[in-house]
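The block underneath contains the structure these notes are about, expressed in structure tokens.
Note that the structure is predicted; figures quoted are calculated from it, not measured. Every chain is numbered from 1 and lettered A, B, ... according to where its sequence line falls, protein lines coming before strand lines.
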Number of protein chains: 2
Amino acid sequence: MKRHIYDCQAGCPVESTLQIIAGKWKSVILYHLFVDHNCHFSDLERKIKDCSHRMLAIQLAELEHDQVIAKIPTNTANRPIYVLTEFGKTLKPVITAMATWGDYYNAHMTKEAQQLDTNEDKKSKLDMPLPKPNLL
Amino acid sequence: MKRHIYDCQAGCPVESTLQIIAGKWKSVILYHLFVDHNCHFSDLERKIKDCSHRMLAIQLAELEHDQVIAKIPTNTANRPIYVLTEFGKTLKPVITAMATWGDYYNAHMTKEAQQLDTNEDKKSKLDMPLPKPNLL
DNA sequence: CTGAATCCCTTAAGATACTG
DNA sequence: CAGTATCTTAAGGGATTCAG
């Protein structure tokens, strides 16, 4: 796997966090688990449409290995549910901050897209500063 | 570059955030800019030792393209400083949450490493729940 | 010092098929 | 349904060189 690319000893706490959540879909998976608390594999597959079956399995396995999530067997054979561990729950502020910013960003981008004539006055009314609408 | 892999319209705000900060070193760069406010290329190179010259240039270019940071010319020719834009500054809660968690995690891991006999009682005294010390 | 360009190897990740 | 395995292609990323 070779995921431990960051030098956590170097004093940058952000690198330590990335060690755990830097996977392409990990923070998205965690977001959905914070919303839904427990999900089957297929639930996540449906929620995260751009993540392939294979990738979802890999990301879940890594999160489980890092003890961020746990796989809990159910009476329905071979259909476990995924839940956040106590450790995983400590990541809530991180995921929440990301979700909050994303909502903010989406709202801003929607507004930008609507007002085609974006002059300075109108821009100043937006709640998020700046970025020009050529981004998406 | 093909970085717009996330479906921001699908209603997952975390994916929108990843669109901007998912680069391998972007959040680390932003962290250092939040701490130091403005840096030369070589400052960042020194702070982020595991990020190669080439990668740093690429990540900075993408952040600049996304208008998260800006390159400001100085009187010293060809030696601009990098600063956060107003838009980039809105990411502060996200980066701060990551940094806070990373500090927390590092402190926990240090404690775990120190107490070799980790029985349940001692574990319960840690401020972060769980993960076994076999992780790093 | 910056930063773009080239070369070249490694890793990521989609598609598909297969197993319990 | 959940998960693994293989095969293949594209992207990532280091080392080095070159230019402003």
Side-chain angles (χ1 to χ4, degrees), chain A residues 1-7 10 15 18-29 32-33 36 38-66 68-84, chain B residues 1-7 10 15 18-29 32-33 36 38-83:
Chain A
M1 286 185 189
K2 196 184 172 194
R3 298 162 28 233
H4 289 176
I5 54 174
Y6 298 99
D7 182 4
E15 295 194 31
L18 289 176
Q19 201 68 60
I20 303 296
I21 64 164
K24 191 174 180 184
W25 297 103
K26 287 182 188 174
S27 51
V28 179
I29 291 169
H32 288 295
L33 286 178
D36 274 9
N38 55 259
C39 294
H40 294 287
F41 188 96
S42 52
D43 294 329
L44 292 166
E45 212 165 16
R46 202 168 355 91
K47 289 171 195 285
I48 316 175
K49 294 195 299 297
D50 289 336
C51 180
S52 70
H53 184 81
R54 178 180 167 278
M55 278 308 293
L56 183 56
I58 290 174
Q59 300 283 287
L60 286 171
E62 291 185 0
L63 285 170
E64 189 188 3
H65 173 266
D66 287 341
V68 175
I69 65 174
K71 204 193 299 187
I72 300 188
T74 60
N75 41 19
T76 314
N78 290 329
R79 199 149 180 274
I81 57 172
Y82 288 95
V83 299
L84 291 154
Chain B
M1 285 184 190
K2 198 185 171 192
R3 300 163 27 235
H4 289 174
I5 53 174
Y6 298 99
D7 181 4
E15 294 194 33
L18 288 176
Q19 200 68 61
I20 303 297
I21 65 165
K24 191 174 180 183
W25 297 103
K26 287 182 187 174
S27 51
V28 179
I29 291 169
H32 287 296
L33 286 178
D36 274 8
N38 56 258
C39 293
H40 294 288
F41 188 95
S42 52
D43 294 330
L44 292 166
E45 211 164 17
R46 201 167 356 91
K47 288 171 196 286
I48 316 175
K49 294 195 299 298
D50 289 337
C51 179
S52 70
H53 183 83
R54 178 180 168 279
M55 278 308 293
L56 184 56
I58 290 173
Q59 300 284 286
L60 286 171
E62 292 186 359
L63 285 171
E64 189 189 2
H65 173 266
D66 286 342
Q67 304 176 51
V68 175
I69 65 174
K71 204 192 301 187
I72 300 189
T74 60
N75 41 20
T76 315
N78 290 328
R79 199 150 181 275
I81 56 172
Y82 287 96
V83 298

Selection from dA13(C), dG3(D), dG3(C) that lies nearest to any side-chain heavy atom of P80(A): dG3(D)
Minimum heavy-atom distance I21(A)-K26(A), with the two atoms named: O-CB, 3.9 Å
Distance (rounded to the nearest 0.5 Å) between L60(B) CG and Y82(B) OH: 4.5 Å
Nearest-Å distance for atom pair CG/P, residues D43(B) and dC1(C): 11 Å
Matching residue for K47(A) among L33(A), D36(A), I29(A) - test: side-chain contact (heavy atoms from CB on, under 4.5 Å): D36(A)
Spacing of K49(B) atom NZ relative to dG13(D) atom C1', expressed in whole Å: 19 Å
Spacing of I58(B) atom CD1 relative to dT6(C) atom P, expressed in whole Å: 13 Å
Interatomic distance where NZ belongs to K26(A) and C1' belongs to dA12(C) [whole Å]: 13 Å
Atom-pair distance (CD on E45(A); C1' on dG3(D)), nearest Å: 11 Å
Contacts of type side chain to side chain contact (heavy atoms under 4.5 Å, CB included), residue N38(A), not counting sequence neighbours: I81(A), V83(A)
Nearest-Å distance for atom pair CD/P, residues E64(B) and dA4(C): 9 Å
Under-4.0 Å side-chain N/O to phosphate OP1/OP2 contact, Y82(B) with dG3(C): yes
From dT2(C), dA2(D), dG14(C), nucleotide with atom closest to K24(A) side chain: dG14(C)
Short side-chain N/O contact to dT2(C) OP1/OP2 from S42(B), under 4.0 Å: yes
Contacts of R46(A) that satisfy salt bridge (Lys or Arg N to Asp or Glu O under 4.0 Å) - sequence neighbours left out: D43(A)
For nucleotides 17-20 of chain C, print each protein N/O atom paired with a nucleotide N/O atom at under 3.5 Å, atom names and distance only.
none

Between dG14(C) (C1') and W25(A) (CH2): distance, integer Å: 12 Å
Side-chain N or O of R79(B) closer than 4.0 Å to phosphate OP1/OP2 of dT2(C): yes
Phosphate OP1/OP2 of dG3(C): any K71(B) side-chain N/O under 4.0 Å: yes
Interatomic distance, N38(B) CG vs dT2(C) P [rounded to whole Å]: 13 Å
From CZ (R54(B)) to CD1 (I58(B)), nearest 0.5 Å: 4.0 Å
Non-neighbouring partners of R79(A) that pass side chain to side chain contact (heavy atoms under 4.5 Å, CB included), sequence neighbours left out: H40(A), S42(A), T74(A), T76(A)
Side-chain (E15(A)) to main-chain (V28(B)) donor-acceptor, under 3.5 angstrom: no
Axial bend angle, the helix from dC1(C)-dG20(D) to dG20(C)-dC1(D): five-pair end segments, nearest 10°: 40°
Partners passing ring pair (Phe, Tyr, Trp, His ring centres under 6.0 Å) against F41(A) (at least two apart in sequence or in another chain): H53(A)
Touch class at under 4.0 angstrom, heavy-atom based, for R54(B) against every strand present: base
Distance (rounded to the nearest 0.5 Å) between H65(A) NE2 and L63(A) CG: 11.5 Å
Residue S52(B), side-chain heavy atoms: nucleotide from dA2(D), dG14(D), dA13(C) that is nearest: dG14(D)
